[in-house]
> 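Please find one structure pasted underneath; my questions will follow.
Letters A, B, ... mirror the listed sequences (proteins, then strands); counts begin at 1. Treat the numbers as computed from the prediction; the structure is a model and nothing was measured.
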There are 2 protein chains.
Amino acid sequence: MKTPPSRPKAIIRKPLPVKSDIAVTTHESVYRGLRNRILFGGFLPGSAVTLRGLAEDMGVSPMPIREAVRRLIAERALKMQDNRRVLVPLMTQATFEQIVFARKTLEPELAARAMDHIGPAELRQIAAHDRSVDRAMATSDIHGYMESNYRFHFAIYERAGAETLMALVESIWLQFGPFMRMAYNRWGTSDLEDQHQAAIAALQRNDRKALRAAIAADVSQGMSFIGESVLRRAY
Amino acid sequence: MKTPPSRPKAIIRKPLPVKSDIAVTTHESVYRGLRNRILFGGFLPGSAVTLRGLAEDMGVSPMPIREAVRRLIAERALKMQDNRRVLVPLMTQATFEQIVFARKTLEPELAARAMDHIGPAELRQIAAHDRSVDRAMATSDIHGYMESNYRFHFAIYERAGAETLMALVESIWLQFGPFMRMAYNRWGTSDLEDQHQAAIAALQRNDRKALRAAIAADVSQGMSFIGESVLRRAY
DNA sequence: GCGCGAATAATGTGATCACAATGGGGAGTG
DNA sequence: CACTCCCCATTGTGATCACATTATTCGCGC
């Protein structure tokens, strides 16, 4: 008895006729909502996801959900098993190792390419994200930590103007988001030493080599932390 | 006057009730069909793609087309512009350079990881694909060349058992497929020297370093050929 | 109590319709 | 002959329904 069987289906026929601005589709907002949930720890690995369930949660018809889910499956943020059931993927040691490799290969490169396009204004924004990370860590705000950490990294990477490589990295982040959250659920975020300062310093003195190293170190440290904490068995 | 306005809509209500085998969905076969067309040069960059058009071509309703197209857009094989029109993406110098970087970073790694899982049987298959490449080149069969070349590379890579990295590489190949075809349309495939032999030889003597180098050389040569031939302006 | 099987619920898939927005083409005007 | 405006065809989007398949639940017999 989870839901009353004959509920009148929430008659919200025209949910957003307010399309006066940029005409964002329902699909797009659903996609972004799900994406953020995955990226910032709103789902745990192994969670089941159903089209009608999400549709009811988000107050829309199953139609835009279908497309958003299909899209997230293509990005490997969700997985459809042979049952045709959709779930948040589990993490395995093999997958995790490949994610680490991809991150350590691609993210320092993106940072290096971005450096020349990061001026004082961008650097200020990046430093602000880092402070948000510290604040979230101090208050054990896991969601806030994950979001700020994401924004810190991508505020750098996006300056590279390398959309093709960015798409690869974004797909990778989507794949370890839920798993990251699980690690932090267990251990908190406090024993994570902040490697972001080294990156900021490297950006300030335009030291590309040091920036690469700082990003690589941040990836290594963060991933080995969440890897060791939960990878005894598959999640 | 392209289509008679009141055509009875091709009444093929139950196109495949033959689902006796593995229950493949219409979506899946449509996806694979489109994927192969993109991968092996069935589309040219800039081609417009419409849901109803594809639906009619493939004899299915627009519904599975929508999902397949959405999926391919997520994989960057297709692009939806702000008009909501879908097209095969054009290639730019910037995108092309990123593709080359990603290939040279990821593909030698995949090959290196695959080496230990390639026995005589697999090597025979790989060599057979290479002969198909030669045969296609000899007969100026562009589609055949592209397909055999794909199969050669992925017969190696898939032995790495690294699905996460494979997904990245597959997305990359989808992005340069149409563009590659355009280059070959202009110049033929004949002045492409066959670098595959070096890879096969390296596999035979288990020389990982040489294998990496051979794959990297193959990527470099192939990409610089198609890059130089058409990248004076954007396509 | 405990398996086991049938009935029932839930799920993804495909089809069809309505709709708003965009694009293209042609008539009309200068 | 060029330009503008309007109309209509085309497009993607969202909703809803029907259906086959798969899970789950319930109840019967041991």
Side-chain angles (χ1 to χ4, degrees), chain A residues 1-32 47-74 78-87, chain B residues 1-32 47-74 78-87:
Chain A
M1 210 280 288
K2 287 178 184 173
T3 61
S6 56
R7 198 155 58 86
K9 193 180 275 187
I11 315 154
I12 319 172
R13 286 306 169 85
K14 307 247 178 176
L16 287 183
V18 290
K19 54 153 190 59
S20 40
D21 238 345
I22 318 184
V24 73
T25 60
T26 310
H27 157 81
E28 193 67 25
S29 64
V30 164
Y31 168 74
R32 267 205 270 271
S47 306
V49 156
T50 67
L51 302 187
R52 289 174 177 84
L54 289 180
E56 193 163 348
D57 285 355
M58 312 183 91
V60 300
S61 95
M63 204 58 229
I65 304 277
R66 266 160 85 165
E67 305 206 35
V69 165
R70 187 64 75 183
R71 191 170 164 186
L72 289 164
I73 291 171
L78 296 175
K79 178 172 160 51
M80 173 170 292
Q81 28 188 12
D82 300 334
N83 323 348
R84 308 240 176 114
R85 254 63 176 184
V86 180
L87 47 76
Chain B
M1 213 280 287
K2 286 178 183 173
T3 60
S6 54
R7 198 156 56 89
K9 194 178 277 188
I11 313 154
I12 319 172
R13 285 307 168 83
K14 308 247 178 178
L16 287 183
V18 289
K19 53 154 191 58
S20 40
D21 239 345
I22 319 183
V24 73
T25 59
T26 310
H27 156 81
E28 191 68 25
S29 64
V30 164
Y31 168 74
R32 268 205 269 271
S47 306
V49 157
T50 67
L51 303 187
R52 288 173 177 86
L54 288 179
E56 193 162 347
D57 285 356
M58 312 183 91
V60 301
S61 95
M63 204 58 229
I65 305 276
R66 265 160 85 164
E67 305 207 33
V69 166
R70 187 65 76 184
R71 191 169 164 187
L72 288 163
I73 291 172
L78 296 175
K79 178 171 161 50
M80 173 169 292
Q81 26 188 13
D82 300 334
N83 321 349
R84 310 242 175 108
R85 255 63 176 186
V86 180
L87 47 76

> Name the closest nucleotide to the B/Pro64 side chain, picking from C/dA15, D/dT16, C/dG23.
C/dA15
> I want to verify a distance call: between D/dA18, C/dG14, D/dT13, whose nearest atom is closest to the B/Thr26 side chain?
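Selected nucleotide (nearest to the side chain): C/dG14.
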> Rounded off to whole Å, could you give me the CZ-to-P distance for the B/Arg84 and D/dT13 pair?
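The answer, rounded to whole Å, is 6 Å.
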> Starting from the 5' end of DNA chain D, give me the residue, A/Arg85 or B/Met80, whose nearest nucleotide shows up first.
B/Met80
> Nearest whole Å is fine: how far is D/dG12 P from B/Gln81 CD?
11 Å
> To the nearest 0.5 Å, what is the distance between CE (A/Met63) and CG (A/Leu51)?
9.5 Å
> With sequence neighbours left out, write down each residue that passes side chain to side chain contact (heavy atoms under 4.5 Å, CB included) with A/Thr50, or none if nothing qualifies.
none
> Pick the nucleotide of DNA chain C nearest each of A/Gly53 and B/Pro62; which residue has the one closer to the 5' end?
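In this pair, the answer is A/Gly53.
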> Compare the minimum distances between each of D/dT16, C/dT16, D/dT13 and the side chain of A/Met63, then state the nucleotide with the smallest one.
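For the A/Met63 side chain, the nearest candidate turns out to be D/dT16.
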> Nearest whole Å is fine: how far is C/dC17 P from B/Arg52 CZ?
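In whole Å, C/dC17 P and B/Arg52 CZ are 12 Å from each other.
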> Which listed nucleotide (C/dA18, D/dA23, C/dT16) is nearest to the side chain of A/Asn83?
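Of all the options, the side chain of A/Asn83 is nearest to D/dA23.
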> Does C/dG14 have its OP1 or OP2 closer than 4.0 Å to a side-chain nitrogen or oxygen of B/Ser61?
no
> Between A/Arg66 and B/Arg66, is any pair of side-chain heavy atoms under 4.5 Å apart?
no
> Mind calculating the distance between NE2 (A/His27) and P (C/dA20) to the nearest angstrom?
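So the two atoms are 21 Å apart, to the nearest Å.
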> Grab the CD-C1' distance between A/Glu28 and D/dG14 for me, whole Å please.
15 Å
> Rounded to the nearest angstrom, tell me the gap between atom CD in A/Glu56 and atom P in C/dG12.
13 Å
> So what does B/Val69 hit on the nucleic acid, given a heavy-atom distance under 4.0 Å: a base, only sugar-phosphate, or nothing?
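It contacts nothing in the nucleic acid.
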> Quick one: A/Ile65 CD1 to C/dG14 C1', roughly how many Å, whole number?
18 Å
> Verify the contact: side-chain N or O of A/Thr25 to OP1 or OP2 of D/dT13, cut-off strictly under 4.0 Å; return yes or no.
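It does not, given that no N or O in the side chain of A/Thr25 lies less than 4.0 Å from OP1 or OP2 of D/dT13.
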> B/Thr25 versus B/Glu67: any side-chain heavy-atom pair under 4.5 Å?
no
> Quick check: on DNA chain D, is the nucleotide nearest A/Asp82 upstream (toward 5') of the one nearest B/Arg70, or the reverse? Name the residue that is more 5'.
B/Arg70
> Nearest of C/dG12, D/dT16, C/dT16 to any side-chain atom of A/Arg66?
D/dT16
> Mind calculating the distance between CG (B/Leu54) and C1' (C/dA15) to the nearest angstrom?
17 Å
> With a 4.0 Å cut-off on heavy atoms, is B/Val30 in touch with a base, just the backbone sugar-phosphate, or nothing at all?
nothing
> Taking salt bridge (Lys or Arg N to Asp or Glu O under 4.0 Å) as the test, write out the residues that go with A/Arg52, two or more places apart.
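Result, salt bridge (Lys or Arg N to Asp or Glu O under 4.0 Å) vs A/Arg52: none returned.
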